[in-house]
Each structure stands twice: as C-alpha cells, then as structure tokens.
Amino acid sequence: MAKNRFTKTNFLWLLLIIVSYFLINLLINIGIINKVYQTVMLTIGINIILAISLNLIIGITGQFSLGHAGFMSIGAYSTGVIVKQMGGNLSSVFIGMAVGILLSSIVALIVAIPTLRLKGDYLAIATLGFGEIIRIVIQNMKITNGAAGLVLPKLLDWKLVFLFLVISTFIVVAFTNSAPGRACISVREDEIASETMGINTTKYKIMAFVIGAILASIAGTLYASSFYVIKPDNFSFNKSIDILVIVVFGGMGSYTGSFVSALLIGILNTSLQSFADIRTIIYGALLVMIMIFRPQGILGNYEFKFSNLLKRFNKKEARS
Amino acid sequence: MTVLETKNLTRNFGGLAAVSNVSLKINKGELVGLIGPNGAGKTTLFNLLTGVYEPSEGSIELLVNDSMKSIGGLKPYTITNLGIARTFQNIRLFKELTVLDNIKVGMNKNIKYGAISAILRLPKYYVEENRVHDEALKLLEVVNLLDKKDELAKNLPYGEQRKLEIARALATNPRVLFLDEPAAGMNPNETQELTNLIRQIKNEFDLTVILIEHDMSLVMNVCERIYVLDYGKLIAQGNPESIKNNKKVIEAYLGED
C-alpha cells in the first residue's frame with residue numbers, strides 16, 4: 001500500500017474542513033452563533049493552536065516546557081507594534097505575523113540550545129524563567145507601552161483564525177507522522193535508545209521546540225488582532241499553565257485530545273460565566289476529578305483517524 | 001582485518017574502576033563473546049564502546065573506510081552513524097510506537113528528507129516513506145515479526161521484544177553489532193531459535209557480532225572467540241574450549257578453593 005497524496009482519508013479530511021467551514025458560516029448567518037459565541041469561538045480556536053503546538057513539545061517530544069505564553073506574547077506584540085506603526089489594516093497583521101515568526105524562532109533557538117540539555121523539572125523551571133523574562137522585557141519597553149499594553153483595532157474575523165487553525169493542525173500532524181516526528185517520539189520514549197539508534201536527540205528537541213514556538217507566535221498574532229487589547233499580564237505564567245491544562249486534560253500526545261479539551265474548557269468557562277464567584281472552584285474541582293479518574297487525560301493518546309473509521313466500516317460491511 | 005580495537009581502556013566511577021586497562025581486538029566477521037560474573041564490567045564496556053559513557057583513559061578505534069578512526073568519547077549517535085549498533089540488557093524499545101515504527105526510527109539516519117519536506121508533504125517525502133516502509137517490512141520478515149507489525153512494542157511477548165530490538169539495531173545498517181544478554185529470560189527453545197537468528201543475520205548482513213551472555217551453552221555454541229572480564233579486568237581470552245578449561249576463569253566463576 002504505497003502512500004501518496006490522493007488517498008480516501010485525505011479527501012475525507014478536506015471534506016470535513018470544508019463542511020465545518022460552511023456550517024459555521026451558516027450558523028453565523030442565521031444568527032445561532034451570535035457575537036458572544038463568536039468571541040468564545042475565537043478563543044477556542046486560538047487555544048487549540050496553542051495547545052497542539054505545546055503538545056508537540058510536551059506530548060510528542062516529551063520536553064516539559066512552561067514558557068509557551070512567552071512565545072505567544074512575541075507574536076502578539078510583534079503584530080501589535082507593527083499594526084500601531086503601520087495603521088490598522090490586514091497587511092500589517094501579516095507583516096506582524098511574519099516578524100513574530102522570525103523573532104520567536106530566533107528566541108526559541110537561543111532558549112533551546114542551553115535549556116534542552118536539562119531534563120524534567122529543570123527544563124520546566126528554565127522555560128518558566130524564560131517566559132517571565134519575556135514578559136518583564138515587554139513590560140519595560142517603550143514601544144510596547146509597558147504594563148498598560150496596546151489598544152488595537154479588531155482586524156480579523158473568524159475565517160482567518162479558522163484558516164490558521166487548519167494550517168497549524170496540518171503542520172503538527174504532518175510533522176509528527178514523518179521521520180523527524182518519529183525521531184521526536186523516540187526521544188520521549190527512551191532518550192538513550194534513541195541516541196544509540198543514530199538520532200541526534202538535541203537536534204530533534206530543538207526542532208520540535210522551534211516549531212512549537214512558531215505556532216504559538218502565530219496564535220499570539222491572532223490573539224492580538226482579535227481581542228482589542230494586549231497587556232503583558234495576558235501572557236503571564238498563568239497563561240502558560242492554562243495551555244498546559246488543556247494539553248494534559250485532553251491527553252498528552254493526542255492532538256485530537258487537545259481539540260476536544262480546548263473545546264470543552266472553552267464551553268465550560270463560558271457556561272460558568274454566570275457563576276463568576278465560584279467559577280474557578282468548579283473548574284479546579286473538575287480538573288482534580290479528571291486527574292484522579294483519568295490521569296492520562298480525556299483521550300489518553302488516542303488519535304482520531306479516518307483510516308480507522310473506514311477499516312471498522314469495511315469490517316462491518318464484510319460481516320453483514 | 002581488525003574492525004574494532006581498544007587500548008588500555010579504563011572507566012572510573014569515583015574510586016571504582018568499572019573497566020580497567022582493557023585492550024581487545026575484534027576482527028572483521030568474527031562472533032566474539034564477552035563473559036564474566038555479575039558486576040564484572042561487561043555492560044560498562046559496551047557503554048564505552050557505544051558512546052553512552054566517555055572513557056576515563058585509553059582509546060577505542062573503529063575501522064571506517066579502510067582506516068582506523070578513534071571513536072572514544074564521541075556521541076552515541078555519531079558512533080551509530082559510523083556503523084556500530086547495539087541492543088540493551090534491559091530492553092529499551094520505544095514502547096508506545098508500533099513494531100514497524102520502531103524499525104523506522106532505526107532507519108532514521110538513512111532517510112533523506114527533512115522537516116520542511118515532511119511539513120509541506122513534498123514528493124520526496126512520499127518516495128522516501130514508501131522506500132523505508134518496504135525496507136522495514138523486509139527486516140521484520142527476517143526476525144519473523146511481520147504479522148505483528150502494527151502492534152505496539154510494549155504489547156509483544158518478551159522473546160519477541162528481544163528480537164525486535166535486534167531488528168531495530170539492524171535497521172541502522174551496522175557493520176558491528178553488540179548484543180547485551182540477548183538470551184536473558186528465554187527458555188531453551190527460544191535460545192536455540194535466537195542462536196540460529198544470530199548466525200543468520202551475521203551472514204546475511206555481513207556483520208561482526210560481539211555478545212555478552214550468561215547462557216554458557218549459547219556462548220560456547222556460537223562464539224568463535226571469548227573474552228572474560230572480572231572486576232573490570234580482562235582475565236582470559238581464547239576459543240571456547242580453552243576458556244572452559246582456563247583456571248582463572250573457573251576461579252572467577254566458582255571462587256578459589
């Protein structure tokens with residue numbers, strides 16, 4: 001069974017993307033998804049991008065990073081500053097995105113080379129420190145308007161977020177299902193065995209880290225151009241933890257899990273809005289329950305694949 | 001022709017010399033056994049030769065393109081890329097990957113496309129993935145695991161995990177293969193099967209094999225030459241017959257009277 005581009009499953013994925021696009025479009029047009037829900041949708045979309053990119057680093061490559069919000073803020077502020085300088089139009093968003101990608105990949109490289117030699121807790125603390133450094137730097141720069149942050153026009157609608165969600169998902173899935181992706185998983189599974197299989201583990205850790213950082217920066221750009229205000233506090237340690245919670249909740253190493261959990265957490269947060277006082281208590285209690293009853297996350301490392309679905313379908317047909 | 005040579009190889013852990021002054025010479029195409037009581041330093045020696053540890057003193061040289069190249073202290077992946085592969089005493093498979101993907105990880109260094117081609121799904125990706133897929137299946141056929149290709153490595157029975165580890169080592173396309181206690185925990189039937197497999201792959205892949213083993217029937221049966229380690233030092237070497245009757249070896253295993 002030779003692999004190529006034009007398989008049934010690829011076609012089904014394309015179909016799913018197109019159908020969901022038109023479905024969302026329809027729901028917005030007939031008013032079922034109102035302005036409030038649209039904002040929720042944007043948040044969920046951006047959170048999914050953040051979660052799958054962190055999942056690539058933590059779940060796939062096994063490197064515990066707590067600095068994801070740092071990379072997000074690089075993207076957000078690159079976009080924010082450029083939009084401020086160039087005036088608010090869509091092209092400045094894309095220039096901001098490009099600058100963000102460039103900056104975050106450079107910063108990721110600089111951070112990765114010394115820190116990825118560390119393991120486990122040490123790496124977590126190092127990346128946590130890095131995230132805070134970025135925040136403090138932004139807080140003290142003139143061009144970013146310090147702690148007050150930047151006020152920006154809303155330049156994106158959900159369609160672009162949808163587009164970049166599709167692109168980001170494609171990137172992480174395509175990377176994971178390839179030779180470099182397998183190398184990353186082997187690093188997670190057993191670093192010593194991986195090295196003796198001829199794999200330069202540092203190189204693949206850096207690769208995953210940089211790709212994750214780039215995607216987080218894209219999410220930052222989308223955030224900056226959707227939510228009017230960006231402040232350094234939006235990208236604090238808490239944001240990194242929020243993203244981590246989505247990843248762990250959904251299942252480390254499962255992109256499907258990140259999708260499901262970002263959706264559930266997004267819906268949960270919105271529906272608990274009316275109980276603002278006890279919201280965090282309910283939220284926290286739910287997380288504790290999940291960790292007790294399903295420590296591997298909602299989906300563990302299950303990945304939704306059309307090929308599995310087709311197989312099951314064919315089996316059923318053969319039986320009847 | 002010498003393929004691998006160590007001179008006065010020593011590794012200290014604090015005050016303990018786990019491997020001390022070991023000089024050995026392995027010829028091309030040989031099947032050499034490395035034996036010794038528990039804690040003699042056999043695995044440490046393997047770890048030195050494969051780059052997991054750096055030597056404290058001494059040199060390791062490997063035949064690369066018809067000349068001897070010093071490999072002491074190089075990174076494990078560099079050494080693997082120069083043609084040494086190994087298995088582990090306590091199996092170190094990639095447990096959550098399928099049997100097939102375990103093999104493909106081993107082939108990684110021979111896959112000629114990078115992250116960009118993978119992400120953009122360039123034609124190169126498909127060509128290489130299909131090639132690797134076919135070659136991996138061939139390797140699985142050699143170790144008789146073809147029907148298990150889609151199982152997760154952790155779900156294989158013990159004996160098959162050992163075989164998969166050997167196949168994964170072969171996937172790196174080695175010239176020298178180190179096997180660290182390949183028969184540990186196997187019953188006599190499985191050991192016999194393994195013996196045949198070792199002979200078969202040695203011929204088929206034109207390998208030099210060095211194995212650590214406690215199962216003396218296996219060692220005496222397949223090895224052409226044996227080195228004996230005790231307390232980190234080489235105490236004897238020779239063909240199986242002479243090792244069997246060597247006084248020092250008997251002392252090391254049974255103690256002095």
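Sequence lines set the chain letters: A, B, ... in the order given, protein chains first and strands last, and positions in each chain run from 1.
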Please flag which part of B:Pro174 lies under 4.5 Å from any non-hydrogen atom of chain A: side chain, backbone, both or neither. neither
Counting only pairs under 3.5 Å, give me each side-chain donor-acceptor contact of residues 61-70 of chain B, with atom names and distances, residues two or more places apart or in other chains.
from: B:Ser67; atom 1: OG; to: B:Val64; atom 2: O; distance (Å): 3.4

Throw together a table of side-chain donor-acceptor distances under 3.5 angstrom for residues 10-19 of chain A, partners on residues two or more places apart or in other chains.
from: A:Asn10; atom 1: ND2; to: A:Arg5; atom 2: O; distance (Å): 2.8

CD1 of A:Ile171 to CG of B:Leu120: how many Å apart, nearest 0.5 Å? 8.0 Å
Is it the case that more than 12 heavy atoms not belonging to B:Lys202 sit under 6.0 Å from its NZ atom? yes
Atom pair CZ/OG of B:Arg168 and A:Ser186 - distance to nearest 0.5 Å: 8.5 Å
Suppose we screen for ring-ring contact (aromatic ring centres under 6.0 Å, His included). Which residues come up paired with B:Tyr53, at least two apart in sequence or across chains? B:Phe13
Looking at side-chain heavy atoms only, is the closest gap between B:Val105 and A:Ile185 below 4.5 Å? no
Answer yes or no: does atom CD of B:Glu54 have more than 12 heavy-atom neighbours from other residues, nucleotides or ligands under 6.0 Å? no
Do you know the tightest heavy-atom contact between A:Ala174 and B:Ala118? CB-O, 3.7 Å
Taking atom CE as the centre, does A:Met207 end up with more than 12 heavy-atom neighbours from other residues, nucleotides or ligands that are less than 6.0 angstrom away? yes
Of the backbone (N, CA, C, O) and the side chain (C-beta and beyond), which part of B:Leu122 lies under 4.5 Å from a heavy atom of chain A, both, or neither? backbone
Within 6.0 Å of OH in A:Tyr122, more than 12 heavy atoms from elsewhere: no
Tabulate, in ascending numerical order, the residues of residues 188-204 of chain A having at least one heavy atom closer than 4.5 Å to a heavy atom of chain B, or enter 'none'. A:Arg188, A:Glu189, A:Asp190, A:Ile192, A:Ala193, A:Ser194, A:Glu195, A:Thr196, A:Met197, A:Gly198, A:Ile199, A:Asn200, A:Tyr204
Looking at chain A, which one of B:Asn108, B:Leu97, B:Ile111 has the largest number of heavy-atom pairs inside 4.5 Å, strictly under? B:Asn108
Side chain of B:Tyr125, backbone of A:Ala179: donor and acceptor closer than 3.5 Å? no
